[in-house]
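For reference, the structure is listed below as structure tokens.
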Amino acid sequence: MDADSDVALDILITNVVCVFRTRCHLNLRKIALEGANVIYKRDVGKVLMKLRKPRITATIWSSGKVICTGATSEEEAKFGARRLARSLQKLGFQVIFTDFKVVNVLAVCNMPFEIRLPEFTKNNRPHASYEPELHPAVCYRIKPLRATLQIFSTGSITVTGPNVKAVA
């Protein structure tokens with residue numbers, strides 16, 4: 001390939017999942033009755049709360065553990081988690097925002113060509129597995145990074161990793 005035919009790939013982060021603790025017990029019934037944009041799942045013992053800016057969904061347990069999903073960057077995830085903690089404070093809980101960490105990052109990428117999955121799997125045997133009866137994509141695992149790639153025949157790739165760290 002010559003330099004003129006190189007194509008830049010756009011990798012788009014679609015979801016950042018983070019967790020934090022409130023260091024206090026949360027009354028889920030009170031959150032469900034007095035909170036805004038709340039869904040109470042009493043049978044599972046959790047509350048779902050949605051924020052509009054940033055657009056995140058939080059799963060809240062009575063133990064004080066909170067999982068936030070839907071952010072598109074680490075900064076947005078932290079901002080949304082802090083906003084959620086503040087809204088719990090306004091409901092009367094003694095919330096202390098602690099133990100924040102990003103636990104999962106999901107990104108997507110589209111290749112400018114199609115991929116022959118059986119051939120790809122055969123050439124990358126120890127890392128790649130392909131079960132077309134179960135899932136239409138090749139599961140490619142990168143152990144040192146703890147990342148998983150779902151590679152589709154259309155050239156679409158979904159990358160799931162535990163965290164993103166800036167390389168100096």
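The shortest distance between side-chain heavy atoms of Cys139 and Tyr130 does not fall below 4.5 Å. Under the 4.5 Å side-chain criterion, counting only non-hydrogen atoms from C-beta, Cys24 is in contact with Val95. At a threshold of 4.5 Å between non-hydrogen side-chain atoms, the residues Val105 and Ile13 count as touching. Here the side chains of Lys53 and Arg83 are in contact, with some heavy-atom distance below 4.5 Å.
Of the candidates Thr158, Thr160, Val138, Thr158 is the only one forming a side-chain contact (heavy atoms from CB on, under 4.5 Å) with Gln150.
With hydrogens and angles ignored, the 3.5 Å screen pairs no side-chain donor or acceptor of Thr72 with any backbone N or O of Thr14. Side chain of Lys30 to backbone of Leu91: a donor-acceptor contact under 3.5 angstrom is found. Although no hydrogens or angles enter the test, the distance criterion places no donor-acceptor pair under 3.5 Å between the side chain of Ser156 and the main chain of Phe152. Formation of a donor-acceptor pair under 3.5 Å by the Glu114 side chain with backbone atoms of Ser153 is not found in this model.
In this structure, Lys50 NZ and Cys68 SG are separated by 13.0 Å, a value rounded to the nearest 0.5 Å. Between the CD1 atom of Ile31 and the OG atom of Ser87 there is a distance of 8.5 Å, given to the nearest 0.5 Å. Rounding to the nearest 0.5 angstrom, the gap separating the NZ atom in Lys143 from the CZ atom in Arg146 is 12.0 Å. Here the OG1 atom belonging to Thr59 is positioned 9.0 Å from the NZ atom belonging to Lys41, to the nearest 0.5 angstrom. We find the CZ-NZ distance between Phe20 and Lys101 to be 14.0 Å, quoted to the nearest 0.5 Å. Here the straight-line distance linking atom CZ of Arg116 with atom NZ of Lys122 works out to 12.5 Å at 0.5 Å rounding.
In terms of heavy atoms, Ala58 sits closest to Leu84 at CB-CD2, 3.5 Å. The two residues Leu9 and Asn110 come nearest to each other via the heavy atoms CD2-O, 3.6 Å. Across all non-hydrogen atoms, the minimal contact from His25 to Phe93 is O-CD2, 3.9 Å. The shortest non-hydrogen separation linking Trp61 to Lys46 is NE1-CB, 3.9 Å. Here the closest heavy-atom approach between residue Ile56 and residue Gly70 is recorded as CG2-C, 4.3 Å. Nearest heavy atom pair, residue Asn104 against residue Gly161, reads OD1-O, 2.8 Å.
Other residues, nucleotides and ligands contribute only 12 or fewer heavy atoms inside 6.0 Å of the CD1 atom of Ile11. The local environment of CG in Asp10 is sparse, with at most 12 non-hydrogen atoms from other residues, nucleotides or ligands closer than 6.0 Å.
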Residue pair Arg55, Glu76: steps toward the side chain to side chain contact (heavy atoms under 4.5 Å, CB included) verdict: CA-CA 9 Å; Arg55 187 180 297 275; Glu76 189 176 290; 5.8 Å; no
Side chain to side chain contact (heavy atoms under 4.5 Å, CB included) for Val66 and Val19? Distances and angles first, verdict last. CA-CA 6 Å; Val66 182; Val19 297; over 6 Å; no
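Tyr40 and Ile60 end up in the same hydrophobic cluster when Ile, Leu, Val, Met, Phe, Trp and Tyr side chains are linked at under 4.5 Å. Phe120 and Met111 fall within the same hydrophobic cluster, defined by Ile, Leu, Val, Met, Phe, Trp and Tyr side-chain heavy atoms under 4.5 Å apart, directly or through other members.
Leu149 is linked by a side chain to side chain contact (heavy atoms under 4.5 Å, CB included) to Tyr140, Ile142, Ile151, Ile157, Val159, counting only residues two or more places apart in sequence or in another chain. Applying the side chain to side chain contact (heavy atoms under 4.5 Å, CB included) test to Thr69 and every residue at least two apart in sequence or in another chain returns Asn15, Val17, Thr57, Ile67.
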